There are 2 protein chains.
Amino acid sequence: MRMSELSRRSGVSVTTIKYYLREGLLPTGRQTAATQAEYDEQHLRRLRLIRALTGVRGLSVSGTREVLDALGEHDGDTHRLLGLALGTIRLPADTARDEPETAEVDALVKELGWQVHQNAPARGTLAETITSLRSLGVPLDWHTLLPYARLAERTAALDLDQLDGIEDPLEAAERALLLTVLLEPALMALRRMAQENESAHRHAG
Amino acid sequence: MRMSELSRRSGVSVTTIKYYLREGLLPTGRQTAATQAEYDEQHLRRLRLIRALTGVRGLSVSGTREVLDALGEHDGDTHRLLGLALGTIRLPADTARDEPETAEVDALVKELGWQVHQNAPARGTLAETITSLRSLGVPLDWHTLLPYARLAERTAALDLDQLDGIEDPLEAAERALLLTVLLEPALMALRRMAQENESAHRHAG
DNA sequence: TAACATGGATAGTAGAGGTATCCAATTTCT
DNA sequence: AGAAATTGGATACCTCTACTATCCATGTTA
């Protein structure tokens with residue numbers, strides 16, 4: 001299909017598609033002539049993925065590129081994709097270095113008995129959150145986070161269950177990415193609703 | 001204290017503090033003369049809160065203002081703050097209207113037996129996530145989300161436990177806000193780490 | 001009282017995420 | 001076949017956000 005058809009079927013304007021091509025989010029089409037190119041269903045799928053990551057999840061264009069690159073470089077080992085490639089997704093928090101609370105995070109991970117890469121960005125996010133909340137007077141330490149971590153364990157188990165039965169490793173990798181990244185706003189939305197409900201129940205009694 | 005001291009103690013530049021004053025994120029100081037004003041610990045605390053919301057959580061300035069306004073208007077009823085004020089925090093997803101999947105969300109909430117306001121933005125976020133994932137070929141429905149929702153219930157219970165024993169309602173409200181909003185990146189980080197760990201275990205066997 | 005600091009107002013800046021325009025090559029219509 | 005429309009690529013421009021810099025009249029301090 002041509003770019004205009006790609007635009008029509010994806011709902012993304014031609015100029016924006018050109019922008020994504022420039023930014024390396026979308027691979028170039030197959031050139032059929034000097035000024036003509038052909039796109040296929042893969043491009044359409046990729047475009048929908050881009051819109052989901054930037055729109056629903058609110059990822060930046062550069063963040064989206066990192067995710068998509070990780071998906072492309074993935075070597076057939078879904079475990080590595082989950083552990084490393086998804087680790088490249090920077091949460092908004094992930095700019096600070098030399099967080100003083102890394103010891104706290106180490107203690108938590110040790111207590112949980114988790115195997116987590118030492119350089120995982122998630123560690124930094126966690127450390128920074130602890131620092132922030134403490135500076136605001138919330139007495140948070142790894143003991144407080146432990147029950148949350150146990151629930152996260154069970155959430156992760158659900159996530160991986162969704163990947164069972166997918167035989168194509170590339171498809172499994174993409175599914176893993178979709179579930180990990182796109183489900184985040186949904187899980188937080190569920191938490192909000194659960195808080196409202198729980199709060200109503202506690203105040204009713 | 002003067003603005004320069006506020007700046008020094010908060011680590012936020014004087015010009016940025018002026019910007020926050022202009023944007024209505026920070027209340028003005030007590031005027032002591034025509035060109036002189038006095039700030040106190042409340043201002044410092046507010047400033048730290050602003051930096052936590054914009055920095056750690058990645059909230060926009062207008063989003064932060066909405067949150068802070070909700071905190072200010074809160075009438076002593078923490079339940080309402082949790083249910084309504086926190087509902088004003090727009091997740092990045094929250095722009096679309098007329099989502100076709102609201103019926104799906106209604107079914108989920110009904111099955112859970114939750115009391116959730118019909119206009120809660122979280123409903124829209126959830127609906128949009130379902131729509132997005134389906135358009136990408138992930139067969140997601142409310143049955144899939146049910147176990148996630150059960151875990152969200154328990155997370156919410158932990159959240160509300162943290163508020164027990166705080167007698168000052170304003171402090172409880174602020175604590176609720178901090179835990180709900182600032183813990184989000186941390187919970188997602190825990191999920192990432194748990195996924196890595198779970199994936200390692202499943203592939204080892 | 002001279003030097004410096006302060007608060008408020010206004011204008012400017014950098015980066016993100018697009019959008020508009022131009023152009024030559026190519027396709028479609030008749 | 002030839003005119004008209006479309007296409008892909010390059011470049012310039014635009015809008016919004018979150019600051020940042022400068023100016024200035026008024027205060028404070030040595």
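Because the structure is a prediction, the values reported are computed rather than measured. Just so it is clear: chains get the letters A, B, ... in the order the sequence lines come, proteins before strands, and each one is counted from 1.
- Within residues 15-31 of chain A, the residues approached by DNA chain D to less than 4.0 Å at the level of any non-hydrogen atom are A:Lys18, A:Arg22, A:Gln31, in residue-number order.
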Donor-acceptor contacts, no H, no angles, side chain residues 14-30 of chain B, under 3.5 Å, sequence neighbours left out:
from	atom 1	to	atom 2	distance (Å)
B:Thr15	OG1	B:Ser13	OG	3.1
B:Thr16	OG1	B:Ser13	OG	2.8
B:Tyr20	OH	B:Arg51	NH1	2.9

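- A salt bridge links A:Arg192 with B:Glu184: at least one charged nitrogen is closer than 4.0 Å to a carboxylate oxygen.
- What separates CE of B:Met1 from C1' of D:dT28 is a distance of 19 Å, to the nearest Å.
- Pairs engaging residues 38-66 of chain A under the ring pair (Phe, Tyr, Trp, His ring centres under 6.0 Å) rule: A:Tyr39-A:His43 [sequence neighbours left out].
- Rounded to the nearest 0.5 Å, atoms CG (A:Leu68) and CG (A:Leu53) are 6.0 Å apart.
- By the side chain to side chain contact (heavy atoms under 4.5 Å, CB included) test, A:Thr35 pairs with no residue at all, sequence neighbours left out.
- The existence of a salt bridge linking A:Glu41 and A:Arg48 is excluded, since no basic side-chain nitrogen approaches an acidic carboxylate oxygen closer than 4.0 Å.
- In this structure, B:Glu38 places its CD atom 13 Å from P of C:dG8, rounding to the nearest Å.
- In terms of position along DNA chain D, the nucleotide closest to B:Arg51 lies nearer the 5' end than the nucleotide closest to the other residue of the pair B:Arg51 and B:Thr32.
- Listed pair B:Ser13 / D:dT20 meets the phosphate criterion, a side-chain N or O lying under 4.0 Å from OP1 or OP2.
- Counting only residues at least two apart or in different chains, salt bridge (Lys or Arg N to Asp or Glu O under 4.0 Å) contacts with residues 137-159 of chain B comprise A:Arg191-B:Asp159, B:Arg150-B:Glu153.
- For A:Leu47 and C:dG18, the CG to P distance is 11 Å, given to the nearest whole Å.
- The minimum heavy-atom distance between B:Ser132 and A:Val56, with the atom names listed, is OG-CG2, 2.9 Å.
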Between N or O atoms, less than 3.5 Å apart, protein on one side and nucleotides 1-6 of chain C on the other: list the pairs.
from	atom 1	to	atom 2	distance (Å)
C:dT6	OP1	B:Ser4	OG	2.6

